[in-house]
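Presented below is the structure to which this report refers.
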Number of protein chains: 2
Amino acid sequence: MAKKTKAPTEKDCLAMMLSVRDALDVISGKWKILILISVIYGNKRFREIERSIPNISSKVLAKELKDLEDRQLIKRTVYDDSPVLVEYTATDYSNSVSEVIIALYNWGQNHRMKIMGKRR
Amino acid sequence: MAKKTKAPTEKDCLAMMLSVRDALDVISGKWKILILISVIYGNKRFREIERSIPNISSKVLAKELKDLEDRQLIKRTVYDDSPVLVEYTATDYSNSVSEVIIALYNWGQNHRMKIMGKRR
DNA sequence: CTGGATCCTTAGGGATACTG
DNA sequence: CAGTATCCCTAAGGATCCAG
């Protein structure tokens with residue numbers, strides 16, 4: 001109703017930052033997104049996920065998985081306990097991250113081409 | 001022509017990760033995206049940017065700005081040098097990050113509501 | 001196989017003060 | 001105003017080994 005003659009500035013800028021920072025809190029770090037990708041792509045077992053992500057260590061993976069589970073971005077299910085069978089799966093919530101992942105993917109591809117082309 | 005009966009798996013997953021990792025290399029960290037937002041929103045001066053971002057220190061800002069400049073994600077222009085006037089502005093390239101920012105923003109908002117609603 | 005425990009290194013970043 | 005210079009501290013992450 002009311003007209004806001006002003007273009008977006010300080011307040012919008014800050015609001016933008018706050019939400020973005022929330023998002024970054026969750027998905028920032030070297031591994032979280034990669035783990036999400038792996039799980040969304042269908043990897044379920046610990047070693048499977050580990051192998052799918054170059055250079056990740058089991059310690060880091062365990063820690064990040066726990067973190068992601070806490071935030072309900074993945075679901076951990078224990079199926080057995082003789083040789084211990086655990087499965088990690090995506091949740092609706094983790095699927096909602098897809099847009100972010102896609103955006104990162106697109107931009108990253110573009111960026112890669114740019115640096116490949118240019119300097120060095 | 002050829003049928004690929006298989007759904008995307010390992011190779012696509014890895015390709016996805018590589019590009020995403022490239023993107024993360026550039027924009028990860030606590031501050032880079034926030035700085036980009038600030039500059040894209042029109043803040044140009046060092047102190048202006050500094051004030052627009054809660055809790056950032058001048059040291060960190062200086063470092064990140066330099067980094068972003070190296071990667072051509074912002075442009076630094078010195079206009080004068082009596083009281084020293086410097087302007088940071090967005091580049092086409094930094095504008096291309098907008099999609100990522102929007103995605104983060106949307107998801108972050110959603111996430112914020114989710115945690116607000118739930119636990120604690 | 002699924003992780004936990006331990007040790008260690010480094011980069012990120014806060015605080016504060018200072019220079020051109 | 002636009003940064004630098006220190007100092008210091010913590011968390012992220014690598015390496016390796018070990019336990020259930």
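In this text, all values refer to a predicted model and were calculated from it rather than measured experimentally. Residue numbers start from 1 in every chain, and the chains themselves are labelled A, B, ... in the order their sequence lines are given, proteins ahead of strands.
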(request) Examine distances only and state if a side-chain atom of S94(B) and a backbone atom of I74(B) form a donor-acceptor pair shorter than 3.5 Å. (result) no

(request) Examine distances only and state if a side-chain atom of S96(A) and a backbone atom of Y93(A) form a donor-acceptor pair shorter than 3.5 Å. (result) yes

(request) Check the angle between the aromatic planes of F46(A) and Y88(A) and answer parallel, tilted or perpendicular using the 30° and 60° thresholds. (result) tilted

(request) Grab the OH-P distance between Y79(B) and dA2(D) for me, whole Å please. (result) 13 Å

(request) Starting at atom CD1 of I35(B), determine the distance to atom P of dG3(D), rounded to an integer number of angstrom. (result) 12 Å

(request) May I ask you to evaluate whether R45(B) reaches the phosphate of dA2(D), defined as a side-chain N or O under 4.0 Å from OP1 or OP2? (result) yes

(message) In this structure, how many angstroms lie between the P atom of dA12(D) and the CG atom of D25(B), rounded?
(response) 18 Å

(request) Salt-bridge test for E69(B) and K66(B): reply yes if a basic N is under 4.0 Å from a carboxylate O, no otherwise. (result) no

(request) May I ask you to evaluate whether R76(B) reaches the phosphate of dG3(D), defined as a side-chain N or O under 4.0 Å from OP1 or OP2? (result) yes

(message) Tell me the interatomic distance from L24(A), atom CG, to dG12(C), atom C1', rounded to whole angstroms.
(response) 15 Å

(message) Tell me if a side-chain donor or acceptor on S38(A) pairs with a main-chain N or O of N43(A) at a distance below 3.5 Å.
(response) no

(request) Please report, rounded to the nearest Å, how far the C1' atom of dA11(C) is from the NZ atom of K66(B). (result) 16 Å

(message) Between Y88(B) and dC1(D), is there a contact of a side-chain N or O with OP1 or OP2 at under 4.0 Å?
(response) no

(request) Decide whether Y79(B) and L65(B) are clustered together by the hydrophobic rule: side chain heavy atoms of Ile, Leu, Val, Met, Phe, Trp, Tyr closer than 4.5 Å, transitively. (result) no

(message) Is R51(B) close enough to dC1(D) that one of its side-chain N or O atoms is under 4.0 Å from OP1 or OP2 there?
(response) yes

(message) Can you pull out every side-chain hydrogen bond (donor to acceptor under 3.5 Å, both in side chains) where at least one residue sits in residues 14-30 of chain A? Sequence neighbours excluded, please.
(response) D22(A)-R112(B)

(request) Grab the CD-P distance between E50(A) and dG4(C) for me, whole Å please. (result) 13 Å

(request) Classify every nucleotide of nucleotides 13-20 of chain C by which part a protein heavy atom approaches to under 4.0 Å, writing B for the base, S for the sugar-phosphate alone and - for neither, in 5'-to-3' order. (result) BBB-----

(message) I need the CG-P distance between L65(A) and dC1(C), as an integer number of Å.
(response) 15 Å

(message) Nearest whole Å is fine: how far is dA2(D) C1' from I74(B) CD1?
(response) 14 Å

